[in-house]
Amino acid sequence: MTVKSKSEKLGQGVGFERIRRITGYLVGTMDKWNDAKRAEERDRVKHSMNSHA
Amino acid sequence: MITSIIKRDGRVVLFDQHKIAAAILRSMEAAQDGDASDAARVANDVQRELEAHFSAEAPNIEAIQDAVERQLMNHGFSAAAKAYILYRANRTRAREANTSLMKTIDEITNTDARISDMKRDNANIDGNTAMGAMLQIGAAGAKAYNEMYLLRPEHAKAYREGDIHIHDFDFYSLTTTCCQIDILKLFHGGFSTGHGYLREPKSIQSYAALAAIAIQSNQNDQHGGQSIPNFDYGMAEGVAKTYRKAFTRRLRDALEDYLDLTDEDAAVTAIITQAEEMTGETARLESSESYLSAVALGLCQKYHMDKEKAWKLITRASTRAYAKADRDTKQAMEGFVHNLNTMHSRAGAQTPFSSINYGTDTSPEGRMVIRNILLALDAGLGHGETCIFPIHIFKVKEGVNYNEGDPNYDLFRLSCKVSAKRLFPNYTFLDSPFNLQYYVPGHPETEVATMGCRTRVMANVYDPTRQIAYSRGNLSFTSINLPRLAIESGGDEKKFYDSLENMLELVAQQLLDRFEIQANKHIYNYPFLMGQGIWLDSDKLSLQDDLREVLKHGTLSIGFIGLAETLTALYGHHHGESEDMQKKGLEIIGFMRSFCDRISQEHKMNFTLLATPAEGLSGRFIRLDQKRYGKLPGITDREYYTNSFHIPVWFPISVYDKIRLEAPYHALCNAGHISYVELDGDTARNVEAFEAVVRCMHDFGIGYGSINHPVDRDPICGYVGIIGDVCPRCGRREGEEVPPERVEELKRKYPQMPAFQGIE
């Protein structure tokens, strides 16, 4: 097993994939989301499990 | 003396008075107001007016047209003047549409989708690919045509200015939205895709493969999603066929080994056939005692063996056939998921929008399907990626899978575990009163099924004997910009409701206009959807029939966006902030629902109220409203309007309160609804907590819900889970490299991980 020479800098410039739900559907990466939906995703807050926040 | 004029494109051409007279005459004829000699007189005065104003320079087209309008009025031809003004306005609109169309195509052609928001309007079309761009260019052309030629002027204006949004407008003249495909009905007797005939499938592998093909084929006939409402019941038949065949073969193998014979195939097949004829049953995952006794009897007679030995062979064959069926089902489900994530429709530009509903089939075969599709979802794709398609929808029902002791409770628990990792399945709740009223035990077609985005059909005003989920879907939907109505009313509640009623009427008319276009289509326009009898009653149509009557099983839906901003504009707060506002919110949505019910009765058609899935829309309406009203605090000061009846995504609220407040809107929005809960990653991975959220949804009467939590993946080391700034497995930050020795180390530590990039 060898590492290809061209890939010595494995991962450079490669981002993480972040899967999110949009209108019921999942979208693989947010690159393809439109601006409004990106903003909406950014603003989402987590909901607490306590019965009254 | 006028000798030349300046055209719109700047060219200078010779002045020709006959052309002016001809244009005037056309208006006079259109309005039946004046004749050729009148036209000549008016044209003379136009020339006179122009000469008075343009002594040295040449007049431009706009100045000439202004003069024509004035002179028509001066001469008392007011009807002709009106026709002329209308003609001029239409020409202007057409010219603008052409220019804007060309600009749009230019942007599609030359701008990278990462920069062009327009090209990311639908996140599942890659506008950077050739076929994706072609699709977008076609859509732009269709939209321009539809607006110019098919919409009434008042609908075009409302759409253009953002009072309403006509969804899938590019398909306005072409087709309907979506359908729940009854996969069993389609398979029985085989079917044709239009490119070839497929025999009735005979194994779970071919059931699953053909199910994917059915989704793909139907997607080409409609613009929305495709769903299978009975995935477990449907695939169970395939499992039974696979098991029956496996049982025969394993029995033959066991027998041949025991008696040291070869080629007992025909004899064993004869014994099986005889047992089937005697009992009217076949081998099943849990075969009946009487069937197995008949097989044992056959073995004893044919091979003169004792009963005990015959049963031993049968038990061995059963165990092995079970293992084989389970293995095949697992592979079939994995193949199905892979297919739906990789197959293309619409000239390769899009993966079909697919959904599958399951969870309530309690037969051993159905349970095998449910378990294996969940395991396939859990495993992910080839590199462990989370599957984007299909949307999995788990149907929750008391007495079937909800409580401990229910036959499928174990599968419900498994679904929670999988969803906590993979975001699917979503949950639909058959016990919520608006779903339960249709539920008839033993009739899976009466179990509500969801088109993954949220669309549902159940009630049927057109044919109350067919209140079922199967073979039906939405025809078209149009959404109302609720916040704008609230802003325009200036806090005057009566004014708001009056304008809302007007807008509802306008939308209902526009939906009916669109229905007229759809109703005049024929079977041959939809070779799969209608030609293969997928749509309800389409199998009763002949080639000449139009689709009017069968389409009435579908729904015409009125949607809305931004209840939260609407309440804020009217009363200063939204429904997450006070119980009073919740009451006001329910009044508004209740008002819209009553309107839908009323016109449904008037037309004997299914008008339903939709909590719109607003993807492109959330930004479009608010951009237009920001231009009009500026950034109003709590109303237009973000980049999006809040989805349907949701509590705003940025508003801090507990899981419990969010579900409690949103649930009553599910009952009102009968065209479809969804509620989301956002959990942090640690909570989501706690299966008890996850299940508690699903139970909370059930108990509050949610119709359809899903739980969001972060699912990240590092494509370099293959880690799936929550990634903050640093990947917990390989330790790199986004964009950073992983040193080669660290890669080697990881590879040794996680040998089951899919191939690392760059390693051979």
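Just so it is clear, the values below take in all heavy atoms, side chains as well, and ignore hydrogens, waters and symmetry mates. Not measured: the values here are computed from a predicted model.
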How long is the straight-line distance from OG of B/S654 back to CE of A/M49, given to the nearest 0.5 Å? 10.0 Å

Can you find a pair of side-chain heavy atoms, one from A/V14 and one from B/R732, that are under 4.5 Å apart? yes

Are B/E678 and A/V45 packed together at the side-chain level, in the sense that at least one heavy-atom pair is separated by less than 4.5 angstrom? no

Main chain of A/R18, side chain of B/R713: is a donor-acceptor contact present, judged purely on distance under 3.5 Å? no

Determine whether A/K46 and B/D680 satisfy the following criterion, salt bridge (Lys or Arg N to Asp or Glu O under 4.0 Å), listing intermediate values before the conclusion. CA-CA 6 Å; A/K46 303 290 176 205; B/D680 64 55; over 6 Å; no

Which atom pair, heavy atoms only, marks the closest approach of B/D712 to A/I19? OD1-N, 4.5 Å

Between CG of B/D714 and CZ of A/F16, what distance do you get to the nearest 0.5 Å? 5.0 Å

Scored by heavy-atom pairs under 4.5 Å with chain A, the best of B/V677, B/L679, B/L423 is B/L423

Output, in order, the C-alpha distance, side-chain angles, deciding distance and verdict of side chain to side chain contact (heavy atoms under 4.5 Å, CB included) for A/R42 and B/E639. CA-CA 11 Å; A/R42 187 192 62 218; B/E639 289 156 81; 3.2 Å; yes

Which is it for B/R638 and A/D43 under the side chain to side chain contact (heavy atoms under 4.5 Å, CB included) test, yes or no, and what are the steps along the way? CA-CA 10 Å; B/R638 290 179 188 262; A/D43 289 354; 3.2 Å; yes

Hey, could you give me the CD/CG distance between B/E736 and A/L10, rounded to the nearest 0.5 Å? 12.5 Å

Quick one: are A/R21 and B/Y676 in side-chain contact, heavy atoms under 4.5 Å? yes

Does B/S618 reach the side chain of A/E40, with side-chain heavy atoms less than 4.5 Å apart? no

Would a 4.5 Å heavy-atom cut-off, applied to side chains only, mark A/H47 and B/N708 as touching? no

Which answer fits B/F651, side chain, backbone, both or neither, if we ask what part of it has an atom under 4.5 Å from a heavy atom of chain A? backbone

Counting only heavy atoms closer than 4.5 Å, note whether B/N341 contacts chain A via side chain, backbone, both or neither. neither

Checking B/I707 against chain A: side chain, backbone, both or neither under 4.5 Å from a heavy atom? backbone

Quick check on B/C696 against chain A: is it the side chain, the backbone, both or neither that has a heavy atom closer than 4.5 Å? neither

Can you tell me how far the CD atom of A/E41 sits from the OH atom of B/Y640, to the nearest 0.5 Å? 10.5 Å

